[in-house]
Amino acid sequence: MTITPDHQVAIIGGGFSGIGAAIMLDKAGFDDYLVIEEGDGVGGAWHWNTYPGVAVDIPSFSYQFSFEQMADWTRVYAPGRELKAYAEHCVDKYDVRRRTRLSTRIVSAAFDEDGDLWRLGTADGDTITARYVVGATGVLTQPKPPAIPGVDEFDGTVMHTARWDHTVDLAGKRVAIIGTGASAVQVIPSIARHVAHLTVFQRTPIWCLPKLDTRLRLPARAALRLPGARAATRLASQTFVELTFPLAAHFHNLLPVAGVGERLGHAHLRRAVRDPEVREKLTPRYALGCKRPSFSNTYLQAFNRTNVRLETASIERITPTGVRTADGTDHDVDVLVLATGFKVFEKGNMPAFTVTGAGGVDLESWWEEHRFQAYQGVSVPGFPNFFAILGPYGYNGSSYFNLIETQMAHIVRCLRRARRTGATRVEVTPEANARYFEQVLGRRRHQVFFQPSCTTANSYYFDANGDVPFRPSPTLETMWTSSRFDLDDYRFEGAAVS
Ligand code: NAP
């Protein structure tokens, strides 16, 4: 049966993944797409995260599309509002906006085997059909409240970093912040000088490295416009990012990068924090790379302030007036900031809507049974015409923009062959998927994640099976593979394919 779907491609998510997917599809001649975004604006993480101090944590020269490089970032690490503006710029320049539907939450996706298309259900009860789906929902999107009793009973203001309430004036207030991950590292120094008192509740210290950040004044920005300057800066930036995450993490046993990083981290801590007892509490006891490290020149220093206190006693509960710790102390506060992160590799987040493939198989259940796996992080057998940007074992930890471009190169190759052959159903073979899964697991022995000390890191990188679904590859390899993998790893079927 031939059914004409509403769109050739539905892209779910209007963050940089969705925007990049749209642009790259358009460039490849697939212009009938619809970007569907839950929020009322584009930009994903940069639309939702507006907390004080929010900024990118890898250099901006890498955190942008290769085909749309800016010369006017105001800092090496651009503030969040510039990333949000960059997203707006991209949707306008590449004409993505008119093919974007905002304020639309997808709640279900079901493959229609008769029509070789996906039926997407929205929270408003609409159905959108598309031959192909590109899942571009990201991973760090659903704020995770802490599993601490009493949060709802607090009489003051509670806010999660990813849903910052700018109507709340923190000046002169007693504030508690729970969590010391990347978001807290940016919030703490940004609010410390305004509040009356800040109590930081730390469970696991974060590795904090010096940040090679600086303002890019007009002369620097003008220099970036000189021939070759932008390319050279990007190359230096990409090399730095590659060394600090993918190579350090995936080739931990083979390269001395992590050891150098740890020495830098310890020296940074010694220089930054005056009180030896506080310094001791801020010292990580797990290998650098077990969880996402941070870069900051102001976070550790904030603990020298007389109005900032580091609390490491575990939290027993939240009371109407504040935080009670296990030692029986009540920390009374006016505002409670939850810097407690996001749902990651867990039920209800991969993605946050139900996905029903061929034969009525549920994606979440399939993963529960088979562990997280996806061919090059893009495709899962049994889920035809469904491609993910950030599927399991897709992201190697370098710039997120590398991931988007690499995965889209993979997806576009599939769609091109389908177009050439008239196929309407594109599905990765179980054999190709199994081969890839075996390959990624086989590289574990070199990864930092499986060092014994990582068991104490409380890292969200680990899923319920103890797997770390990151792609254990250097970025160049991911780029090479996406443009060279054997297209026969997919079955192309449908009306016109014999
Ligand atoms: P996160 O890294 O998951 O940190 C959550 C923090 O909350 C951790 O310190 C965690 O402690 C603590 N926590 C959670 N539940 C707790 C509880 N019940 N009691 C006490 N502490 C609790 O979250 P995030 O800081 O929002 O960062 C998430 C990711 O977003 C980052 O890793 C990064 O990839 C991304 N991010 C990027 C940027 C950027 O680019 N600029 C900025 C922010 C975030 P444990 O460590 O003990 O679990």
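Given the structure is predicted, the values throughout are model-derived calculations rather than measurements. In each ligand, atom 1 is the first atom listed, and ligand 1 is the first ligand listed.
Pairs engaging residues 232-258 under the side-chain hydrogen bond (donor to acceptor under 3.5 Å, both in side chains) rule: Ser62-Ser237, Ser62-Gln238, Gln238-Asn402, Glu242-Thr475, His250-Gln447, Asn253-Gln451 [sequence neighbours left out].
Close placement of the His331 and Phe201 rings is indicated, their centers lying within 6.0 Å of each other.
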Would you mind writing out the side-chain donor-acceptor pairs for residues 258-270 within the sub-3.5 Å range, not counting sequence neighbours?
unit_1	atom_1	unit_2	atom_2	d
Glu262	OE2	Leu288	N	2.8
His268	NE2	Ser296	O	2.9

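No salt bridge links Arg371 with Asp463; every basic N to acidic carboxylate O contact stays at or beyond 4.0 Å.
Between atom CD of residue Gln301 and atom CZ of residue Arg271 there is a gap of 9.0 Å, rounded to the nearest 0.5 Å.
Sorted by chain and number, the residues within 4.0 Å of ligand 1 by heavy atom are Tyr51, Ala55, Val56, Asp57, Leu140, Pro146, Ala147, Ile148, Ile178, Gly179, Thr180, Gly181, Ala182, Ser183, Gln186, Arg203, Thr204, Lys291, Arg292, Ala339, Thr340, Gly341, Phe342, Asn458, Tyr460.
Every salt bridge (charged side-chain N to carboxylate O under 4.0 Å, His left out) that Arg443 has, sequence neighbours left out, goes to Glu477.
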